[in-house]
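Structure first, commentary second.
Being a predicted model, the structure only gives us computed values, none of them experimental.
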Amino acid sequence: MRRPLLLLLGLLLLHQGHCFEFVIDGEWEEEASEVQDHRQRHKRAILTSEEEEDFQAIRGDDITVKSYRVESRITSRFAHVTVRSSVVNSGSKAQSIGFNVQIPKQAFITNFTMNVNGITFVGSVKEKTVARNLYTQARARGKAAGIIRANSQDMETFKTEVHVPSGSNIEFELHYQEMMHRKLGHYEHNLYLQPGRLVPQFQVDVYIFEPKGISMVQTSNTLGQQFTELIKVVSTDNKAHIVFKPNLQQQRKCDNCTDSAIDGTFTVMYDVKRDSNAGELQVSDGHFVHFFAPTNLSPLPKNIVFVIDVSGSMWGVKMKQTVEAMQAILDDLTLDDQFSIIDFNHNVRCWSEDLVSGSSIQIADAKKYIQNIKPNGGTNINEALMRAVQMLLKASNQGLIDSRSVSMIILVSDGDPTVGEIKLSAIQKNVRKIMREEFSLFSLGIGFDVDFDFLERIAMENRGIAQRIYANHDAAEQLRTFYSQVSSPLLRRIAIQFPEDSVSEVTQNRFDKYFSGSELVVAGKVLPSESNTLTSFTTASAVIFLLPHRVLQARLDIQLVKHQHSFTGFARQMWAYITIKQLISDRSLAQTAAKKRMVTKQIMSLALEHQFVTPLTALLVESEDATERLLADSPRDPKHGCCSATVLNGSCRPHMCASHPVDNDPHFIVHLPGSNMDVCFNIDSKPGHILNLVSDRGTGVVVNGQLISSKQVHNSKLSTYFGTISVDYQPDGVSVTITTDMIAMSDGSNNHSFTWAATAEITQDGINIVKNSHVIVTVNDNIQVMVLLHRVYKKHPVNVDFLGVYIPNDNQYSPVVHGLIGQFSREPEVNVFDIHEGADPLKKEATMEVKGNKLLVTRGWQKDYRRDTRQGSNVYCWFIHNSGKGFIDGHYTDYIVPDLHSFL
C-alpha cells in the first residue's frame, strides 16, 4: 500500500487554499548541549566574490518588478533600513519568485512582511523553540516554506522564495537595524544594490539626523561612474538627505540594453560636529547614549610584535598581499615605536629576538626580511604566540617599555594549527595565562580555512579585536586599513561613569584603549529623578573629562517628532543593540554551562522585547487575522552532518563518508571506527561514467553517481566531479535524482521536483527527502545519504558546479551490500606499520596491510565540506594510490554501471 505524500516546499500556491507558517532564524543554532566546545558553533556558508556576481534582488523567469525602494533613517549613528519591492508574476504559469537582500553582518533583522494577492503577513519575534514547535506542527499538517541567510564578505544575504500562480501580485518588505561604528574619522553606511533587472520605480533614500550637527557627508559607489552624478546630496546643519533615483534609461547597461547596470555598493560616509573632548551625551525615551571621541591628542608610543603565518597554505596571493601590506605598515612606525617580527610555520623564527626602535635602518632591514619569506610547512600558532608574549614580557621586565606606551601583538594567519599544540581551547588557555593586562592581541584571519571564531575569542579575551581578511586582489588594502584603525592609540584604560542613582543597566563603560578616528559608545537607562542634570565622568590615563548635561528629555524627543524621517526610538533600540552584542560576546567566552545559560536568558529576553532576530530568536510571520501563517527556517546546522556520529573534541566526525572537493577527481574518505583511522583514495575515471556507491539487493537500495568534467584541461589534467547522484528504492519503485540544478522524486506515475533554492520535505513510499542547505535522503528510516551542492562562478574558465556525497556507516544494510562505499559496512582489518619520512617532510609514508595486500600509503589530508561548504575542513588520512587498488575489492572499473538505476 502506498504511503501518503507529504510535501513541504516554498510557499504553497495560494489558490490551493493552504495555510502557511513562516519563521526567520538568526545566525546560528542553539547547541544541543550547553557544554559543547565553542568550535561547535554554526559556521555560516560563505559566498565568494565571483558568486556575488550571480546575486539578484528579485529572481524569477517571467516577472515584472514594478518598484524597488530602499530607505535608511539614521539618527545619532543608529540606522533603521527598510527594503520594499512590488512584483507581478507575468508568466502564464505558476512559478517561484525570490526576494533577496544583502544586509551588513552586524545588523539585526527586525521584521519581514509580505502581501500576496491581498493577504498580508506580518512578523513578530519569538523564542526559537516556539518557532520550531510551530514549524513542527506545520510540517505535520503539510504546510511550510523556506528561507535562508548566507554570507559574502561584509554582507549577509537574506533570501526567501514564494511560489505563486500566474498574475499574482507580491509585495515584499524587510526591516533591519544597525549601529554605525566610527572608523578612520567617519561613519560608513553601505547599501548593496543589485536588482538584476530594469525597474520602473527604483529609488534609494538615506536620511541622516544628528542633533549636534553634521560636519561632513560624502557618497561613493561601486556602481559605475555614470551613476555618480545621479546621486543628490542635500545637507543642512544637522540633517542630510541623500537620494539616488535613476530612471529606466539611466539604469540600462547601454542605450538599447535590457539589462540593468545597477550592480554594486552604495556608500554614505559622514561625521558629526564635536564641541567638546568630553564627548556627546544624548537622552531620549528614558535612555541615554554617550559618544566619546576626543581629538587633538598626541598618539601614544607603540610596542608591536607582528606574528605572521608563513605556512604552505599562505603561498601565492595571500603571502604576496601580506608582504605588500607589511611594507606600508612598517613605513608607518616612528622612532618612538618599538617592534619585532615573528614568522612561523611548523617552526618559529624571530627577525629580532628583542624589540627594536622604528628607525629607518631597522625598518629597511625588516622589509628585506619580509620580502625574502618563502611559505612552506605546517602551522604552529601556539608557539608563535608564546614567543611573542615572551618578547613583550622580557622588554617590560627589563624596563625597556615606556609606561605610557601601548603593547600589542598582531597575528596574521590563514589556517588552523597543525603542528605543536593543535587544540584551540588549550592555545586559548596558554595565551590567557601569560598575557599581562597591559598587552593586547589583535587577530587577522585570511580566507576561510581559518577558524575565525577561535581568532575572535582569543582576541576578545586579550583586549583586542579580530577581523576577517578576504583573500582577493585587495587583501593588502584590507590589512593596511585594519592597521590604520589601531596604529594611533590616544588613550589607555578609559572609564566612562555616571552617578549611581542617575542611571541603570549601563553597557560596557570601561575600555582598554581609544584609537584615533574611532569612537567609544556607552548607553543605558535614565532613572527617574528630580534633578534636571545628568553628568558623566570620563577618566583615561590620568586625564579626567567632565561632561554636565541637562536631562531635558522632551527637547530631543520633540525634535525627533518634528523631523519626518528621524528614528524616534533610536536611544532605546541602540541600548538594546549594544547590550545584546556584548552579551553574545560574553556567551561565546562563557566557561561554565551555568554562566552560558544565564547569558542566554538575558539575550532572549532583550531580543523579544526589542524585536531583534538574533541567534536565539526567530521571526514568525502570519496573516493579520492569524488564520494563515508562513514558516520559513534557516538551514539546519551543518555541523551535525548527515550521519549518526561521535563527538570528538567538540567536532562532529563522520563514521564513514565519501566527499568530493573542488578541482579534483572524486575523493573518497572512509572512516574505520575499529582501527580509529581514516583512509582516502581517488577514483580516476572518465566523464559520463556512472560509479556504483551502494548496491544492496537485500534492502532494494542502490546509490549511483555520474561523473562530469571540468570545462577544459588544467595543469595537464581534465578533472572530474559528481554531477548527478541517484538513490533508488526498488521495492516501491521510487527514485530520487539530484543534479546541480534540481532535486527530483519519481515513483513512475507521480513526479515532484524543486530547485536548490527551496526548503522542502517530501515523504513517499518509504523515502523521505529533507532539503535545507543540503539534501538528506532517508530510506525506511535506516539508510541515509546526504548530498551537498558546491557552486562555482558560472563564468569560471575551468570549474563547474558539482555534488559532494556523505554516507554514514551505521546504515542498516543487508549482508549482501557492496559498492565503492557499501563494501565498508563490513570493516576490513587494517594494519599500518613502518611509518617513516616521505619525500615531502609534512607527509609521512608507511606500509598498510589490508585484505592480504601490502600497500605503500602516504599520510595526507582530504576535505570534508559538511561544516564549511566553501573551503572544507581537513581530514587527516592514509592515502591509497592507484584508484584505491588493494583497498577496494577488485578494480575501480568493476564499479562502473550502465545507468543511474543499475545495481552492481
Side-chain angles (χ1 to χ4, degrees), residues 46 48-50 306-330 341-351 366-385 410-420 422 443-452 454-455 467-480 482 661-664 667 710 714-717 719 792-793 796-799 837-844 858-863 865 868 870-876 879:
I46 302 299
T48 62
S49 58
E50 290 87 352
F306 298 99
V307 181
I308 303 172
D309 184 345
V310 295
S311 60
S313 57
M314 285 287 288
W315 188 87
V317 66
K318 292 179 184 177
M319 197 70 242
K320 180 181 178 182
Q321 297 276 353
T322 301
V323 169
E324 181 183 329
M326 283 300 301
Q327 302 283 334
I329 288 170
L330 290 170
I341 298 168
I342 292 176
D343 62 292
F344 69 97
N345 45 27
H346 48 285
N347 296 315
V348 176
R349 292 167 297 276
C350 299
W351 164 69
K367 283 184 175 183
K368 185 177 179 181
Y369 179 83
I370 290 286
Q371 193 71 47
N372 291 327
I373 288 175
K374 304 296 182 187
N376 67 86
T379 309
N380 192 343
I381 292 178
N382 185 73
E383 188 178 340
L385 289 176
I410 297 181
L411 168 67
V412 181
S413 180
D414 79 329
D416 287 346
T418 61
V419 179
I422 62 173
S443 303
L444 297 173
I446 300 182
F448 296 99
D449 286 332
V450 68
D451 188 324
F452 188 72
F454 162 68
L455 292 183
Q467 183 165 314
R468 193 187 290 279
I469 302 296
Y470 300 92
N472 52 31
H473 63 280
D474 70 342
E477 180 59 30
Q478 295 174 60
L479 287 164
R480 287 194 296 268
F482 176 84
V662 181
D663 292 335
N664 286 285
H667 289 326
S710 55
H714 182 63
N715 291 335
S716 303
K717 182 181 181 182
S719 298
V792 300
Y793 176 37
H796 195 286
V798 177
N799 298 339
E837 295 293 332
D840 185 336
L842 295 180
K843 294 183 179 180
K844 295 185 180 297
T858 304
R859 185 68 167 167
W861 58 85
Q862 301 290 4
K863 293 286 189 180
Y865 288 92
D868 182 349
R870 184 59 38 214
Q871 297 293 329
S873 302
N874 286 335
V875 175
Y876 290 88
F879 184 79

[X] to [Y] - nearest heavy-atom pair and separation:
X	Y	answer
Glu477	Arg480	OE1-NH2, 2.8 Å
Ala325	Ala476	CB-O, 3.6 Å
Ala384	Ile342	O-CD1, 4.1 Å
Gly445	Leu455	CA-CD1, 3.5 Å

Sub-3.5 Å donor-acceptor pair from the side chain of [X] to the main-chain atoms of [Y], do we have one?
X	Y	value
Asn380	Gly378	no
Thr379	Thr418	no
Asp451	Asp416	no

In Å, rounded to the nearest 0.5 Å, how long is the span from [atom1] of [X] to [atom2] of [Y]?
X	Y	atom1	atom2	value
Ile469	Ser413	CD1	OG	12.5 Å
Met319	Asn376	CE	CG	11.5 Å
Met326	Ile370	CE	CD1	4.5 Å
Asn372	Lys367	CG	NZ	14.0 Å
Ser311	Asn347	OG	CG	12.0 Å
Phe452	Ile446	CZ	CD1	12.0 Å

A side-chain contact here means heavy atoms from C-beta on lying under 4.5 Å apart; do [X] and [Y] qualify?
X	Y	value
Gln321	Gln478	no
Glu383	Phe344	no
Pro375	Asp309	no

From Ile373, Ile308, Asp414, residue fulfilling side-chain contact (heavy atoms from CB on, under 4.5 Å) relative to Thr322: Ile308

